[in-house]
Amino acid sequence: AEDGIRDRSPSRGLGDVYKRQEFYYTNIRMNFLEKINNRFLRTNSHLCIGLDPDPQKIPEPFGKTPDQIFHFLEEVIEATSEYALALKPNLAYFEALGLEGIRLFEKVLKTIPEDIPVIADAKRGDIGPSSKKYAYALLEQFGCDAITVNPYMGYDSIKPFLNYKDKGIFILCLTSNSGANDFQVPNLYLQVAEKVREWNVHSNLGLVVGATHPERVLAIREKSGPMPFLIPGIGAQGGALEKTLEAVQDGTRVPCLINASRSILYPEKSLVFNEFKETQEFSSKDCISSSRHAAHELHQEIRNCLKN
């Protein structure tokens, strides 16, 4: 099937089945940027919600088994989807659960509404034949709309992903971790931005640019030209949102996707969370309310920054 596993994505209610079928068959040839723009028109959101299922952090009312983790993620997706421009499952967290984690990943993909773009956070990159299999697995077999890749091995390691003209390919440029200083600065990240601009002949490439480096985002934008930036580092990593949003603008409707994972999945600082966490009444419903509240708050903060 053209879009892999996500072809069989279930819906809630018969009415939704017909709506989702109409969306799917009407937009089956929609490429990633078209899908992102279409989603933005429906949500007015730049928020990308990361799905990082850590059994050590799953709220106690849900439990730690794969089925219980799936129920948690399913509820989070349903509660926060109105604020989501895209969803970004992190493959490391699923793979760490072994075979059950791969099955969990498949189940999660099936439950995501078809109109929400899915970015596989896999950071793949290897010699050509291996990259070809990585690309096939995640972009065809699992049917993800986009993927993150590592350019360290050069063009031939990236080319198999570039061949998927209708998919989004986000290439690591300047990451949000402290180790970015070991290799990426002072110059490598700018060389990456220049190269990706050269490779972007199908207008389906983007860059991963950490919000923990707002002073460098403008320099990257000047090198890259218009393309979407996937921006981690907001929330738990403490990135500078307003400065990053100001620097990232490129004249397009969706110059960036602001990613938040832990701060939405496990919002321990949420007012809603704190209201219940010390009581016996704290329930799975309260956990999901906390995640929804965190997504709403960040969505609103992004909008407020863009208005200023």
Side-chain angles (χ1 to χ4, degrees), residues 6 8-17 19-20 39 42-90 93-94 96-97 100-101 103-119 121 232 234-237 257-304:
R6 294 194 70 205
R8 302 186 293 278
S9 197
S11 301
R12 295 176 175 82
L14 189 57
D16 285 340
V17 170
K19 289 178 183 177
R20 288 165 54 76
R39 180 69 184 169
R42 300 180 65 180
T43 63
N44 195 27
S45 177
H46 291 84
L47 179 60
C48 176
I49 298 177
L51 303 177
D52 302 3
D54 186 345
Q56 302 304 313
K57 294 182 179 179
I58 300 293
E60 191 61 36
F62 283 93
K64 313 296 184 184
T65 70
D67 284 343
Q68 291 168 330
I69 294 173
F70 169 72
H71 179 57
F72 168 67
L73 292 175
E74 182 182 37
E75 292 296 317
V76 169
I77 291 167
E78 183 176 12
T80 62
S81 61
E82 69 179 281
Y83 307 116
L85 175 61
L87 294 173
K88 183 177 70 64
N90 188 323
Y93 287 86
F94 293 90
L97 300 174
E100 288 298 322
R103 291 172 178 152
L104 173 62
F105 177 57
E106 180 180 7
K107 288 177 67 176
V108 168
L109 291 179
K110 288 181 179 180
T111 203
I112 295 173
E114 185 63 40
D115 63 313
I116 301 180
V118 173
I119 303 170
D121 190 3
I234 297 296
Q237 296 183 59
L257 298 84
I258 301 295
N259 183 76
S261 302
R262 287 169 286 171
S263 61
I264 292 178
L265 290 182
Y266 319 113
E268 295 183 2
K269 295 181 181 179
S270 164
L271 294 176
V272 178
F273 184 92
N274 288 331
E275 181 180 348
F276 292 99
K277 71 177 182 178
E278 300 298 336
T279 73
Q280 295 298 318
E281 290 77 23
F282 187 66
S283 66
S284 59
K285 182 178 179 180
D286 301 324
C287 298
I288 300 305
S289 294
S290 296
S291 291
R292 178 180 172 82
H293 177 77
H296 169 75
E297 289 293 298
L298 182 52
H299 167 68
Q300 196 60 48
E301 184 180 358
I302 294 169
R303 292 188 63 182
N304 290 340

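Numbers here simply count residues along the sequence, with the first being 1. Excluded from the calculations below are hydrogen atoms, water molecules and symmetry mates; all remaining heavy atoms, backbone and side chain alike, are included. Note that this is a predicted model, so its numbers are computed, not measured.
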Where the side chain of [X] meets the backbone of [Y], is there a donor-acceptor pair that is under 3.5 Å apart?
| X | Y | value |
| --- | --- | --- |
| Lys64 | Pro55 | yes |
| Glu100 | Leu97 | no |
| Ser284 | Pro61 | no |

Across all chains, not counting sequence neighbours, the ring pair (Phe, Tyr, Trp, His ring centres under 6.0 Å) partners of Tyr83 are His296, His299
Report task. Could you give me the CA-CA distance, side-chain angles and deciding distance for Arg42 and Asp115, then say whether salt bridge (Lys or Arg N to Asp or Glu O under 4.0 Å) is met? Result -> CA-CA 10 Å; Arg42 300 180 65 180; Asp115 63 313; 2.7 Å; yes
- Ion pair present between Asp67 and Lys107, side-chain N to carboxylate O less than 4.0 angstrom? yes
Modelled atom types, side-chain donor and acceptor of Asp286 and Ser289, under 3.5 Å = no
Taking every non-hydrogen atom, the tightest pair across [X] and [Y]:
| X | Y | result |
| --- | --- | --- |
| Ser291 | Leu265 | OG-O, 3.5 Å |
| Ala86 | Leu257 | CB-CD2, 3.9 Å |
| Ser263 | Ala294 | O-CB, 3.5 Å |

Taken in chain and number order and not counting sequence neighbours, the residues that satisfy salt bridge (charged side-chain N to carboxylate O under 4.0 Å, His left out) with Glu82 are Arg292
Tested for side-chain contact (heavy atoms from CB on, under 4.5 Å) against Asp52, the lone hit among Asn90, Leu73, Asp121 is Asn90
